[in-house]
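Everything on this sheet refers to the single structure shown next.
Nothing here was measured: the structure is a model prediction, and the numbers come from that model. Residue numbers start at 1 and run along the sequence shown.
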Amino acid sequence: MKILKILFLICVSIASPGQKNTKTTQPNIVLIFADDMGYGDMEAFGHPTIKTPNLNRMAYEGQKWTNFYVAESVCTPSRAGLMTGRLPVRSGMCSDSQKRVLYATSKGGLPTSEISIATTLKKGGYATGMVGKWHLGHLPQFAPNAHGFDYYYGIPYSNDMDHKFEGTGLNYFQASANPKIEYFNVPIMKNLEIIEQPAQQTTLTKRYTQEAQRFIENNTKKPFFLYLAHSMPHVPLFASDEFKGKSRRGIYGDVIEELDWSVGQILETLKKNKLDKNTLVVFTSDNGPWLIFDENGGSAGLLKGGKGGTYEGGMREPTLMWGPGLIKPGTKMDIATTLDLLPTFAKMANVQIPNDRIYDGYDISSVIFNKGVNPRDEVFYYRGTKVFAIRKGAYKAHFITQPEYGGKATVLEKPLLYNLDIDPSENYDIADKNPNVIKEINQMLAKHLETVVKVESQLEK
């Protein structure tokens, strides 16, 4: 009898030569990215009238990150940094001109020489899917499918592009504030095929959610990476009939509450398919709120500034991580950025990243899993190709300031300095009291700039 048991165990162990049980060794990863959502736009980060019970659940059952940043304060460079783990200045996905993002007429995009999160995780046997807004190049050679994604469904750029309201007598702000579907001729694409144009944006969040659920259910037998990049709450704001007019915050609140519903659908789909114990879900946004749209823009809460600028409100984002079988709940006050996600996900998937390029991200799995010291202690606040500010520990020094939209840049003779632990709103300049801190940060800047080689801007093509 013992001999039969031994033979049975041997047969089981060699039944699938060369394969490994990926479900126990490699977690699934879901990255949910909002568009223009501010630090103060959910209950868990202090909004008093927008209801976000599913994001609350993520915060309560998972981790709330209070010092989490993006690579830039506008869409395209922010997403380039997220996807590559490299500052956008290294890939040409930024510009010092008024063209700070890619447009429907742009000829450039994320170079194929760059290695994305999807390409990295595919090396580890992951299925890779993207649903939502890409904004890293709409031409085939720059599309998600060219950057490691097995499947793509969504719009190739922002939902306000390819204007069609000329002749109505409306300007951009008027058309965006009181939008109609026909004003914005953005396409919905399935892989490289346009399947709808203009996109029926009132159902965009709902359809993104359904596509994301379908991807999860089609990939329950192998590890997967799902990148769900919502088009909202970027203007123009559209909500489905189920949510329109329901929030006390108005249409902006309607949109956020529908995004929250979407998060709940994703979490429940994972639970229904018994994947919740082996999946990490990350929720964050590409940049801060678009303040120039007044009530149709969001809130940065106690933070100063918004989208387009290098004050905290433009680049510090509300971030949650959820993984009930993987991580312990709690509030994380450690500094981290979207640049850190690629090396962190690679470590979780047991995949080596190449050593032929400079990565600006760190593997922060030690913080996520409470296993060590945070390797990150700094943030470089880029606007285009220039460093406008640097954070080192609690201190942040501004070298250049400029209004988010319009106005000239001011190169400061003496940097502004704030202690963000004490003064996250950046109200009280303490430069005179801390000359050694200024000196140290200036040395950091010089050392960093030695690593930066200027490349051709893809945004100017």
Quiz question: by atom type and distance under 3.5 Å, do the side chains of [X] and [Y] form a donor-acceptor pair?
X    : Y    : result
E460 : S95  : yes
S231 : D35  : no
Y362 : N374 : no
S106 : K461 : no
N350 : Q26  : no
H230 : S262 : yes
D334 : N67  : no

Can you tell me if [X] has over 12 outside heavy atoms packed within less than 6.0 Å of its [atom1]?
X    : atom1 : answer
Y428 : OH    : no
K347 : NZ    : no
N355 : CG    : no

Closest non-hydrogen atom pair between [X] and [Y], with its separation:
X    : Y    : value
K304 : S425 : CB-O, 3.4 Å
V351 : T120 : CG1-O, 3.4 Å
A80  : L136 : N-CD2, 3.6 Å
S457 : C94  : OG-O, 2.9 Å
P343 : I353 : CB-CD1, 4.4 Å
G148 : T128 : O-OG1, 2.6 Å

So OG1 of T319 and CZ of F68: to nearest 0.5 Å the spacing works out to 5.0 Å
Working to the nearest 0.5 angstrom, can you tell me the gap between I438 CD1 and N442 CG?
6.5 Å
What I'd like to find out is whether the side chain of [X] reaches to under 4.5 Å of the side chain of [Y], using heavy atoms alone.
X    : Y    : value
D340 : R376 : yes
Y395 : R391 : no
L82  : V70  : no
I266 : V30  : yes
F283 : L55  : yes
Y252 : P233 : yes
D150 : F215 : no
V282 : L320 : no

Salt bridge or not between [X] and [Y]? Use side-chain N to carboxylate O under 4.0 Å.
X    : Y    : value
D286 : R79  : yes
R383 : D96  : no
K396 : E426 : yes
R249 : E257 : no
E211 : R214 : yes

Got a sec, which residues hit side-chain hydrogen bond (donor to acceptor under 3.5 Å, both in side chains) with [X], two or more places apart in sequence or on another chain?
X    : result
T338 : none
S78  : none
E114 : R86
D360 : R90

Working note: D260 + T52, criterion side chain to side chain donor-acceptor pair (under 3.5 Å); need CA distance, chi angles, decisive distance, verdict.
CA-CA 5 Å; D260 178 79; T52 53; 4.6 Å; no
Determine, step by step, whether I216 and Q213 satisfy the side chain to side chain contact (heavy atoms under 4.5 Å, CB included) criterion, reporting the C-alpha distance in whole Å, the side-chain angles of both residues, the deciding distance to 0.1 Å, and the verdict.
CA-CA 5 Å; I216 292 170; Q213 290 175 290; 5.7 Å; no
Steps toward side chain to side chain donor-acceptor pair (under 3.5 Å) verdict (K332, N370):
CA-CA 10 Å; K332 297 291 185 180; N370 299 315; 2.4 Å; yes
Would you call the rings of [X] and [Y] parallel, tilted or perpendicular, where under 30° means parallel and over 60° means perpendicular?
X    : Y    : value
F345 : F225 : tilted
Y153 : Y208 : perpendicular
Y172 : F293 : perpendicular

Contacts of Y381 meeting ring pair (Phe, Tyr, Trp, His ring centres under 6.0 Å) (sequence neighbours excluded), chain-then-number -> Y69
State which residues pass ring pair (Phe, Tyr, Trp, His ring centres under 6.0 Å) with H398; sequence neighbours excluded, sorted by chain then number.
Y311, Y418
Run the side chain to side chain contact (heavy atoms under 4.5 Å, CB included) test on W322 and L267 for me, step by step, so that the C-alpha distance in whole Å, both residues' side-chain angles and the decisive distance to 0.1 Å come before the verdict.
CA-CA 9 Å; W322 180 88; L267 300 186; 3.5 Å; yes
Centroid separation under 6.0 Å, is that true for the rings of Y382 and H448?
yes
Check: G384 main-chain N/O paired with E72 side-chain donor or acceptor under 3.5 Å:
yes
Do K64's NZ or CZ and the ring of F45 fall within the cation-pi criteria of under 6.0 Å and 45°?
yes
So Y39 and H47, ring pair (Phe, Tyr, Trp, His ring centres under 6.0 Å) or not? Walk me through it.
CA-CA 9 Å; Y39 192 81; H47 202 285; over 10 Å; no
